[in-house]
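Reviewing the structure listed below.
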Amino acid sequence: MTKRLSSAFFARPVDLVARELIGVRFLVAGVGGLIVETESYDQSDPASHCFQGRRTPGNEAMYGPPGHAYVYRSYGMHWCINFTCGNGSAALIRALEPVAGVETMVARRGVEDVRKLCAGPGRLCQALGLSRMHDGASLLRTPFELRERGAPVSVAVGVRIGITRAVDLPRRFGMRGSRFLSRGIRE
DNA sequence: ACTACGATGAACT
DNA sequence: GTTCATCGTAGTA
């Protein structure tokens with residue numbers, strides 16, 4: 001088994017962390033898979049919840065220590081999870097390649113197609129059972145398990161999805177050739 | 001109290 | 001590729 005990620009992994013520039021998260025094994029209570037798609041956000045980014053140091057009751061976790069979960073509700077109905085990297089920055093986890101607990105994920109999602117279990121931030125959170133109760137929790141402790149990638153991967157960089165501000169920034173990272181992305185990467 | 005708006009997903013052509 | 005249902009959150013008053 002590969003090594004667990006340390007808090008130092010997250011205490012670095014968010015673009016680097018988001019890139020290096022590709023291929024990392026991410027489990028919640030034993031259910032999950034390999035991270036194949038991320039996006040980065042920080043205070044300088046007009047598309048970020050923390051743009052220019054903006055603070056709301058909901059985004060406090062992004063100003064907390066690196067290596068914690070920032071879970072927010074999207075469109076009033078989906079949950080999305082970010083890994084905090086300090087100082088109002090975080091990497092949004094957008095898609096996983098399902099590896100462990102596939103039956104559990106199928107039951108939670110109500111779909112059979114493995115490619116649709118974790119392809120998208122909302123789907124991924126539903127499949128892993130993530131919600132507001134995980135907001136602010138440390139990623140280094142139970143129920144989370146994050147392990148270094150076992151083999152090198154090729155990372156594609158493109159523009160982000162589903163935002164209306166700063167649409168041209170190259171802050172989306174994906175595992176090149178993966179069939180489990182929420183969408184193809186536009187490089 | 002009232003309103004506007006999504007870091008989406010599902011269904012559809 | 002496209003449309004659109006849906007509702008919590010945050011901003012305004």
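Without hydrogens or angle criteria, A:N59 side chain to A:T56 main chain gives a donor-acceptor distance under 3.5 Å. Looking only at distances, a side-chain donor or acceptor of A:T84 sits under 3.5 Å from a matching main-chain atom of A:H68. The closest donor-acceptor contact from the side chain of A:R149 to the backbone of A:I22 lies under 3.5 Å. Of the possible donor and acceptor atoms, none in the side chain of A:Q52 sits under 3.5 Å from a partner among the backbone N and O of A:Q43.
Atom pair A:R73:CZ and B:dA7:P shows a separation of 15 Å (rounding to whole Å applied). Remark: C1' of B:dT8 and CD of A:E37 are 13 Å apart, rounded to the nearest angstrom. One atom, CZ of A:R172, and another, P of B:dT8, lie 11 Å apart when rounded to the nearest Å. The nearest whole Å value for the distance from the CG atom in A:D113 to the C1' atom in B:dA10 is 13 Å.
Both A:T164 and A:K116 lie close to DNA chain B; mapped to their nearest nucleotides by heavy-atom distance, the more 5′-ward contact belongs to A:T164.
At a threshold of 4.0 angstrom between heavy atoms, the contacts of A:R171 with the nucleic acid are absent. Heavy atoms of A:R183 sit under 4.0 angstrom from primed sugar atoms or phosphate atoms, though from no base atom.
Ring centroids of A:Y70 and A:F83 are separated by 6.0 Å or more, keeping the two rings apart. Centroid-to-centroid, the aromatic rings of A:H49 and A:Y72 come within less than 6.0 Å.
For DNA chain C, the neighbouring residues in residues 49-66 of chain A, judged by any heavy atom under 4.0 Å, are A:R54, A:T56, A:P57, A:G58. Residues from residues 154-163 of chain A placing a heavy atom under 4.0 Å of any atom in DNA chain B, listed by number, are A:I161, A:G162, A:I163. Only A:G76, A:H78, A:N82, listed by number, bring a heavy atom of residues 76-88 of chain A to less than 4.0 angstrom from any atom of DNA chain B. Sorted by residue number, the members of residues 119-136 of chain A with any non-hydrogen atom under 4.0 Å from DNA chain B read A:G120, A:P121, A:G122, A:R123.
Of the listed residues (A:V31, A:L128, A:L117), just one forms a side chain to side chain contact (heavy atoms under 4.5 Å, CB included) with A:P98, and that residue is A:L117. Checked against A:F180 for a side chain to side chain contact (heavy atoms under 4.5 Å, CB included), the options A:M175, A:K116, A:R115 give a single hit: A:R115.
The pair A:R160-A:D45 counts as a salt bridge, with a side-chain nitrogen and a carboxylate oxygen less than 4.0 angstrom apart. Taking 4.0 Å as the cut-off between side-chain N and carboxylate O, A:E20 and A:R12 count as a salt-bridged pair.
Contact between A:N82 and A:A90 at its shortest, heavy atoms only, is CB-CB, 3.7 Å.
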**Item:** Watson-Crick and G-U pairing of DNA chain C written in dot-bracket, each distance under 3.5 angstrom, with | for inter-strand partners
**Value:** |||||.||||||.
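Think of the region where chain A sits on DNA chain C: with heavy atoms and a 4.0 Å cut, that region ends 5' and 3' at C:dG1 to C:dG11.
Rounded to the nearest 0.5 angstrom, A:N87 CG and A:S89 OG are separated by 6.5 Å. Taking CZ from A:R94 and SG from A:C80, the interatomic distance works out to 8.0 Å, rounded to the nearest 0.5 Å.
At least one side-chain heavy atom of A:S40 sits less than 4.5 Å from a side-chain heavy atom of A:F173.
Stacking between A:Y75 and B:dG9 is absent: the aromatic ring centre is not both under 5.5 angstrom from the base six-membered ring centre and within 30 degrees in plane angle.
Using a 30° and 60° split on the angle between ring planes, A:F26 and A:F144 fall in the parallel class, below 30°.
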